[in-house]
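Structure record follows, encoded as structure tokens.
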Amino acid sequence: MSEQLDKIYNPGEVEDRLYSGWVEKGYFTPEIDPEKEPFTIVIPPPNVTGQLHMGHAFDETLQDILIRYKRMSGYSTLWVPGTDHAGIATQIKVEAELREKEGLTRYDLGRDEFLKRVWDWKEKYGSRIINQLKKIGSSCDWSRERFTMDEGCSKAVREVFVNLYDKGLIYRGPRIINWCPHCITALSNEEVEHTEQAGHFWHIKYQIKGTDDYVVIATTRPETLFGDTAVAVNPEDERYSAIVGKTLCLPLTDREIPIIADEYVDKEFGTGCVKITPAHDPNDFEVGKRHDLEIIKVMNDDATMNAYAGKYEGMDRYECRKAMIRDLEEMGLLVKVEDHSHNVGQCYRCGTTIEPIVSDQWFVKMKPLAEAAIKAVDEKHTEFIPERFSKIYMNWMENVYDWCISRQLWWGHRIPAFYCDECGEMTVSKEDITTCPKCGGKVRQEEDVLDTWFSSALWPFSTLGWPEKTKDLEYFYPTNVLVTGYDIIFFWVSRMIFSACEHTGQAPFKHVFIHGLVRDGRGEKMSKSKGNGVDPLQIIEMYGADALRFTLVTGVAPGNDMRFPVTYEPPVEPGKNPDVKVNKIVGAPGVEASRNFANKIWNASRFVLMNLTVNERKLPDVSEMQLEDKWILHEYNQLVQAVTENLDRFELGIAVGKLYDFIWDKFCDWYIELIKPRLYDEDCPSNKAAQYTLSYVLSGALELLHPFMPFITEEIWQKLPHEGESIVIAAWPKYNEGLEFAKEATDMELIMSALKAVRNQRSEMNIPPSKKAKVFIKTEKADVFTQSTLFFEKLASASEAVVVGDDFVAPENAVSCVVEGAQIFMPLDDLVDKEKELERLTKEKERLLSEIKRVEGKLNNQGFVAKAPAQVVEEERKKEAKYREMLAKVEESLKAFN
RNA sequence: GAGGGUAUAGCUCAGUUGGUCAGAGCGCUUGCUUGACAUGCAAGAGGUCGAUGGUUCAAGUCCAUUUAUCCUCACCA
């Protein structure tokens with residue numbers, strides 16, 4: 001066998017080679033096999049022109065772990081990859097480039113030419129993110145790669161739109177929507193982010209017509225005054241009851257507006273008088289409807305003032321605000337200005353303060369759709385993991401409002417509505433039409449496109465061929481798991497669920513596995529503007545994809561955020577954000593630890609390969625197994641069970657933790673060390689048994705680890721004796737009853753604790769390694785020690801001799817220690833620090849006494865004995881016996897010492 | 001205003017169904033070029049599990065209250 005490996009694992013060298021091999025072999029492309037159970041995940045499609053960030057890396061890693069696990073477990077696994085056209089984000093990028101390079105706007109180019117540019121851009125950068133996904137090892141079926149604007153997805157979008165429209169669940173009409181004056185489009189509520197900002201309350205006098213009296217209204221957005229069509233007071237507000245119905249002169253204009261009474265007004269707040277601006281405020285819009293008020297829009301699409309603002313026309317909204325406040329002050333109409341902090345909505349893409357504005361838009365009527373979506377989760381057709389996220393989902397679903405789906409963008413699915421210029425008829429159609437079905441007149445298509453999330457909402461089934469009844473759809477749908485961050489539950493998860501329920505009659509996935517956010521070392525959200533983002537590709541470059549993947553899942557509980565600390569050169573002052581241009585990432589301590597783990601595996605394997613002469617993967621005959629073989633096989637068997645169980649429960653962090661402990665601690669630090677003598681000695685009768693066990697356990701452990709660290713496991717697995725062509729499609733290890741060696745495992749514990757005790761003693765006593773000493777072990781289980789030579793071999797280098805027995809007199813001038821089942825003496829003569837040893841023994845005695853006290857307390861408690869399960873009580877009894885026995889030995893040692 | 005998360009060793013975090021649960025990594029101390037690995041080996045120090053009360057034979061674990069902190073949604077002009 002012996003194939004030499006390098007001393008240090010070099011991930012860069014193997015990763016690309018292995019990955020392209022896997023793709024060539026078609027391991028990631030599943031067969032539609034009725035004999036097999038399908039397992040499907042659709043990827044949360046990243047922005048087609050985006051770049052991989054740490055959040056993606058985390059998301060992809062989790063999905064890949066699940067997919068690889070299921071693939072090895074015999075499922076026909078499909079992981080559908082793809083990208084999202086990301087309407088606003090992409091359009092903004094292309095527009096920015098256009099402005100920078102050519103000094104043009106999209107309007108200069110016109111719709112068709114601009115769209116051509118976006119498609120060019122998409123062609124240019126669309127493969128970038130896909131290649132980056134491959135870098136981290138994602139085992140997606142690239143033959144099924146999709147794009148939200150490809151033919152199939154577009155067809156699904158139209159189908160859904162027309163279906164909903166025909167059912168009356170899509171309507172068009174004027175509503176107050178969130179308007180981004182920078183992107184020049186409407187936004188849904190989910191696309192608006194609120195931040196607390198310092199603002200002002202301007203108190204302004206509105207004169208009552210024909211009198212010198214006035215009312216004072218308070219506003220945070222004085223510029224909307226030009227759109228006021230009433231002032232409202234609470235009908236029960238006695239202060240104002242006399243003036244309800246009177247007319248006010250709207251300042252800075254020649255318009256007159258009525259005073260009306262409406263429940264909406266809070267008597268206690270502000271002055272109790274509210275200016276009503278139906279065109280610029282959602283509440284006012286409702287009041288306006290109730291009182292049949294005129295709707296006056298005072299701003300243009302770019303948030304400059306229009307003709308209604310009179311002399312302020314053309315000014316930007318804030319410029320106008322300043323100017324009019326100055327004028328009002330001069331006119332004596334400004335009563336006072338109060339500081340007031342309030343939440344201001346901003347566009348989630350460009351950060352511009354949004355303007356609530358009345359506008360004709362398309363909406364999805366949500367209430368009827370939400371019902372089925374609530375039911376789907378209520379009845380557990382879809383389950384959130386962790387469960388708490390279902391509450392967040394329910395909360396949103398139960399309080400949904402209609403979804404504004406039209407965007408005044410060019411990049412996206414154009415709404416399939418056609419207007420007839422002749423008769424005014426509007427036709428919604430799956431197919432493009434050129435003439436009006438009613439009058440035969442010429443029609444033109446709606447200019448608006450759909451919200452990006454409209455097509456994303458169909459992703460789980462549109463990617464599988466819906467609305468066609470494809471084989472993929474039939475076999476792979478509904479999907480099994482959706483993996484995504486909690487930040488897009490509203491944007492995406494909710495909408496997929498109600499869309500799927502409505503259009504496919506089924507929940508789109510069985511489980512929604514929600515994960516947290518990857519934050520920087522200080523717990524702040526990573527962002528480009530802050531410069532604290534960490535590029536996963538750079539980390540892969542530095543440490544390898546396996547190390548990154550391992551870091552991202554280790555020690556993380558489902559749904560919790562994680563920190564990703566890195567070190568910079570030059571170092572970044574604590575409390576400050578790094579400067580992306582100056583500070584370079586030179587290290588990532590967490591990933592370093594993972595890299596070390598990879599290196600550990602590599603070297604353990606190197607050792608195995610160096611010592612392996614057998615060329616077959618099989619278990620040794622039980623009769624040839626030594627104690628430590630049975631022990632490691634037993635532990636391995638437990639590991640198989642634990643890893644499998646935890647993967648099934650989405651506890652990836654726990655699963656990977658168990659693997660780490662097993663490989664590093666049990667396999668490397670104990671098993672390999674223990675069998676070295678057997679391996680080095682070719683004549684040793686159990687030499688072969690050691691080899692078989694070694695390669696059997698290592699191969700199995702690699703298989704269990706493969707979903708987490710696909711590259712290194714494959715690289716090594718290929719060099720070990722194996723059947724099959726790749727670990728990617730190797731069978732997932734199964735629990736094997738024949739490998740239960742509970743007794744041997746217990747015996748090994750005894751040997752290990754004895755060994756640890758000896759090391760501990762020597763270390764505590766500062767015995768130089770060169771100093772050999774005799775070791776006496778007094779135990780009733782002498783056979784455990786003598787049965788296998790390993791213990792002596794292990795001690796041989798450090799010991800003069802080892803004596804085991806259950807009946808000998810304690811040597812003089814010896815340090816001693818007690819472990820469960822054995823008492824160990826080391827005569828060290830002059831090296832023994834008597835005082836120290838006495839102190840240590842006394843301390844040990846006290847410890848045991850307190851343990852006994854605790855256990856006794858429990859056992860003397862009638863309630864405990866009566867109510868606790870028999871097994872628990874039994875365990876406590878055993879503990880008591882154990883401690884008493886140990887105490888006796890410690891006391892004996894103390895006596896001998898004095 | 002509504003809902004939710006988090007609080008465990010110096011740091012970053014695990015801890016599953018209440019019963020060896022007080023853990024890991026990093027850092028720290030001590031000693032090691034032991035024929036896979038110094039990206040390593042061995043030994044060790046370090047925690048009233050935010051606070052108070054409750055349920056229970058038994059509580060980091062369940063319940064209530066409370067403090068700190070973070071997040072999401074909503075919002076009164």
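By convention in this document, chain letters (A, B, ...) are assigned in the order of the sequence lines, proteins followed by strands, and residues within each chain are numbered from 1. Note that these values count all heavy atoms, side chains included, but never hydrogens, waters or copies made by symmetry. A quick note: this is a predicted structure, and the numbers were derived from the prediction, not measured.
- The side chain of Arg762(A) contributes no N or O atom lying less than 4.0 Å from OP1 or OP2 of A42(B).
- Distance from the side chain of Tyr680(A) is smallest to G35(B) among G35(B), G40(B), A77(B).
- Taking 90° from 0 as the syn/anti boundary, the base of G60(B) is oriented syn.
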Could you list all N or O pairs between the protein and nucleotides 17-25 of chain B that sit under 3.5 Å apart?
residue, atom, partner, partner atom, Å
U20(B), O4, Lys882(A), NZ, 2.3

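- Taking every side-chain heavy atom of Lys676(A) into account, A36(B) is the closest of A36(B), G3(B), C37(B).
- A donor-acceptor contact shorter than 3.5 Å links the side chain of Gln691(A) to the backbone of Thr613(A).
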Write down the protein N/O and nucleotide N/O pairs, taken from nucleotides 70-74 of chain B, whose separation is under 3.5 Å; answer none if there are no such pairs.
residue, atom, partner, partner atom, Å
A74(B), OP1, Tyr401(A), OH, 2.8
A74(B), N6, Asn343(A), ND2, 2.9

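- Between the CZ atom of Arg649(A) and the CD1 atom of Ile654(A) there is a distance of 6.0 Å, given to the nearest 0.5 Å.
- Considering only side-chain N and O atoms, Asn760(A) lies under 4.0 angstrom from the phosphate OP1 or OP2 of G44(B).
- For Phe58(A) and Phe564(A), the ring centers sit 6.0 Å or farther from each other.
- As the counterpart of G3(B), C71(B) is assigned, both hydrogen-bonding distances of the Watson-Crick or G-U wobble pattern falling under 3.5 Å.
- The side-chain heavy atoms of Thr271(A) and Val215(A), taken from C-beta on, include no pair separated by under 4.5 Å.
- Annotation for Lys853(A): atom NZ does not count as buried by contact number, only 12 or fewer foreign heavy atoms lying within 6.0 Å.
- Atom P of nucleotide G15(B) and atom CD1 of Ile654(A) are separated by 5 Å, given to the nearest angstrom.
- Between Ala557(A) and Trp602(A), the residue anchored nearer the 5' end of RNA chain B, judged by the nucleotide with its closest heavy atom, is Ala557(A).
- Between A77(B) and Lys275(A), no contact under 4.0 Å exists linking OP1 or OP2 to a side-chain N or O.
- If you take NZ of Lys267(A) and P of A77(B), they are 20 Å apart, rounded to a whole angstrom.
- Phosphate proximity of C37(B) to Arg606(A): present, with a side-chain N or O under 4.0 Å from OP1 or OP2.
- Scanning both residues, Gly587(A) and Met542(A), for their nearest heavy atoms gives N-CE, 3.8 Å.
- Atom CG of Asn532(A) and atom NZ of Lys525(A) lie 11.5 Å apart (nearest 0.5 Å).
- In this structure, Lys676(A) satisfies the cation-pi test against Phe607(A), with its NZ or CZ atom closer than 6.0 Å to the six-membered ring centre and inside 45 degrees of the ring normal.
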